[in-house]
Amino acid sequence: MAKDLELSDVICNASFVPTKTIDDLVVTVPKTRKECNDVDRKAIGKNFQAKKILVCDIGLDEYNRISACQYTKEIWEALQTAHEGTTQVKQSKIDMLTIEYDLFRIKDDESI
């Protein structure tokens, strides 16, 4: 269960990218593979596990939609937008269904 929660956190939050600070400046850059320690490798591994779960059982159209995504959060957001739409689309669907429900009436020749 803890593993599932960790992977869920990786998917829903930004993926971990190990960084380092250069010459005590505010500038941070990604670490090279040689500079990563065991903690960094473990966090990167969780990102790959989560990415594998998301990509494993999708069709070709879905794969083409997410193939350019590098991190699991990007994949998740692309799939969410593709299937659920943006917040504007969701609100439009809700409004349309509400109006349709309000207009729903029983006809004279129908019984309950």
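- Summarising the local packing, NZ of Lys90 is surrounded by more than 12 heavy atoms from other residues, nucleotides or ligands at distances under 6.0 Å.
- Separating the CD1 atom in Ile66 from the OG1 atom in Thr72 is a distance of 10.5 Å, to the nearest 0.5 Å.
- In this structure, OG1 on Thr81 lies 9.5 Å from CZ on Arg65, to the nearest 0.5 angstrom.
- The heavy-atom pair separating Glu62 from Leu79 by the smallest distance is OE1-CD2, 3.1 Å.
- Listed by first and then second residue, the side chain to side chain donor-acceptor pair (under 3.5 Å) pairs that reach into residues 91-101 are Gln91-Asp95, sequence neighbours excluded.
- Annotation: Asp109, atom CG; neighbour count of heavy atoms from other residues, nucleotides and ligands within 6.0 Å is above 12.
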